[in-house]
Amino acid sequence: MSLRINDIAPDFTASSTEGEISFHDWLGDSYAIVFSHPRDFTPVCTTEFGAVAQLAPEFEKRNTKVIGVSVDSVEDHQKWKNDIQQVAGTPANFAIIDDTSLTVAKAYDMLPAEFYLPQEGRTPADSATVRTVFIIGPDKKVRLTMTYPMSVGRNFAEILRALDAVQKTDGAPLATPANWVPGQDVIVALALDDAAAEERYGALDIRLPYLRFAKDPS
């Protein structure tokens with residue numbers, strides 16, 4: 001069964017380019033972005049991992065660890081990192097998991113529908129993970145999921161924006177409107193009446209009885 005928002009993210013122990021990782025221990029009190037990709041030494045994946053490498057300082061500012069998952073070995077990952085650095089202009093200094101056993105891919109439901117065909121009907125491509133993304137909170141719960149087909153590269157600027165929104169609203173009576181970016185007004189939840197909302201967040205911009213904006217409390 002696929003993971004849902006607020007499920008506890010499955011724990012696992014796996015070899016990685018940064019040594020053996022026990023996921024929940026490795027996560028500690030940080031957020032995490034867990035993202036899978038089909039194979040090493042493939043064009044779209046190389047551009048994606050390059051994008052993540054370039055954004056590493058932004059993830060660090062947000063107390064967020066990044067970990068990649070694929071069905072290739074640590075040895076292949078280490079060799080592939082040279083190509084990623086050549087494309088991105090910066091090293092990929094984040095962990096990439098060896099999931100040749102498909103343990104993580106199965107636990108996080110990262111495999112395409114074709115993987116579940118009878119074995120005689122499958123090809124090697126059917127065991128390649130699709131492009132999934134999970135944002136995991138410090139409490140080990142799934143905060144957000146995204147899934148892309150293998151032919152579509154992910155927009156990591158959007159993933160960073162989504163991380164900002166998750167962190168902005170975590171444990172707060174707030175939500176973010178469509179296309180929100182940090183610094184823009186946020187929506188105050190109806191759990192607070194107008195007086196309590198104004199006391200906590202200042203003057204409200206009330207567009208509808210159920211739609212109340214406040215300045216970003218950054």
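Computation of the quantities below employed the complete heavy-atom set of this structure, encompassing side-chain atoms and omitting hydrogens, waters and symmetry-equivalent molecules. By convention here, the first residue in the shown sequence is residue 1.
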* Go through the steps for K141 and I136 under the test side chain to side chain contact (heavy atoms under 4.5 Å, CB included), then give the verdict. => CA-CA 6 Å; K141 290 185 178 181; I136 312 296; over 6 Å; no
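- L102 and V74 end up in different hydrophobic clusters when Ile, Leu, Val, Met, Phe, Trp and Tyr side chains are linked at under 4.5 Å.
- Within the 4.5 Å cutoff, the side chain of V133 has no heavy atoms near those of the E158 side chain.
- Atom CD of E75 sits in a sparse spot, with 12 or fewer heavy atoms from other residues, nucleotides or ligands closer than 6.0 Å.
- Side chain of K65 to backbone of N63: no donor-acceptor contact under 3.5 angstrom is found.
- R154 contributes atom CZ, which lies 9.5 Å from atom OG1 of T47 (distance to the nearest 0.5 angstrom).
- Within 6.0 Å of CD on E58 lie more than 12 heavy atoms contributed by other residues, nucleotides or ligands.
- Considering every non-hydrogen atom in both Q184 and D216, the closest pair reads O-CB, 3.2 Å.
- A distance-only check finds no donor-acceptor pair linking the side chain of T64 to the backbone of E60 [under 3.5 Å].
- At distances below 3.5 Å, at least one donor-acceptor pair connects side-chain atoms of K140 with backbone N or O atoms of G28.
- One hydrophobic cluster holds both I159 and V166 under the rule that ILVMFWY side chains link at heavy-atom gaps under 4.5 Å.
- At least one side-chain heavy atom of W180 sits under 4.5 Å from a side-chain heavy atom of K168.
- Formation of a donor-acceptor pair under 3.5 Å by the D99 side chain with backbone atoms of A105 is found in this model.
- Atoms CE and CZ, from M146 and F35 in turn, are 13.0 Å apart once rounded to the nearest 0.5 Å.
- Put simply, the side chain of I67 does not reach to within 4.5 Å of the side chain of I96, judged on heavy atoms.
- A donor-acceptor pair under 3.5 Å is formed between the side chain of Y108 and the backbone N or O of P10.
- No path of Ile, Leu, Val, Met, Phe, Trp and Tyr side chains, each step under 4.5 Å between heavy atoms, connects V44 with V66, placing them in separate hydrophobic clusters.
- Pairing each heavy atom of A165 with each of T176, the nearest pair is CB-OG1, 3.7 Å.
- Around CG of D193, the count of heavy atoms belonging to other residues, nucleotides or ligands within 6.0 Å exceeds 12.
- Residues I33 and I135 meet the side-chain proximity criterion, which asks for heavy atoms closer than 4.5 Å.
- Side-chain contact between I8 and H24: present, with at least one pair of heavy atoms (C-beta onward) separated by less than 4.5 Å.
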Evaluation steps, ring pair (Phe, Tyr, Trp, His ring centres under 6.0 Å), between F49 and F94 | CA-CA 10 Å; F49 274 59; F94 54 89; 5.7 Å; yes
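- Distance check: I21 CD1 to W26 CH2 gives 6.0 Å after rounding to the nearest 0.5 Å.
- One finds the CD1 atom of I187 at 13.0 Å from the OH atom of Y201 (value rounded to the nearest 0.5 Å).
- Taking the centre and axis of the six-membered ring of Y31, the NZ or CZ atom of R62 falls outside the cone set by 45° and 6.0 Å.
- Of the possible polar contacts, one joining the R212 side chain to the A189 backbone as a donor-acceptor pair under 3.5 Å is found.
- Residues L3 and D109 have side chains not in contact (no heavy-atom distance under 4.5 Å, counting atoms from C-beta outward).
- Atom CG in L211 sits 9.0 Å away from atom CG in L190 (nearest 0.5 Å).
- A 4.5 Å side-chain heavy-atom check between R131 and P38 finds at least one atom pair inside the cut-off.
- Under 3.5 Å, the side chains of H77 and D40 contain a donor-acceptor pair of N or O atoms.
- The CD1 atom of I97 lies 9.5 Å from the OG atom of S15; values are rounded to the nearest 0.5 Å.
- Counting heavy atoms from C-beta on, the side chains of R39 and W80 never come closer than 4.5 Å.
- Looking at S36 and T132, their side chains do bring a donor and an acceptor atom within 3.5 Å of each other.
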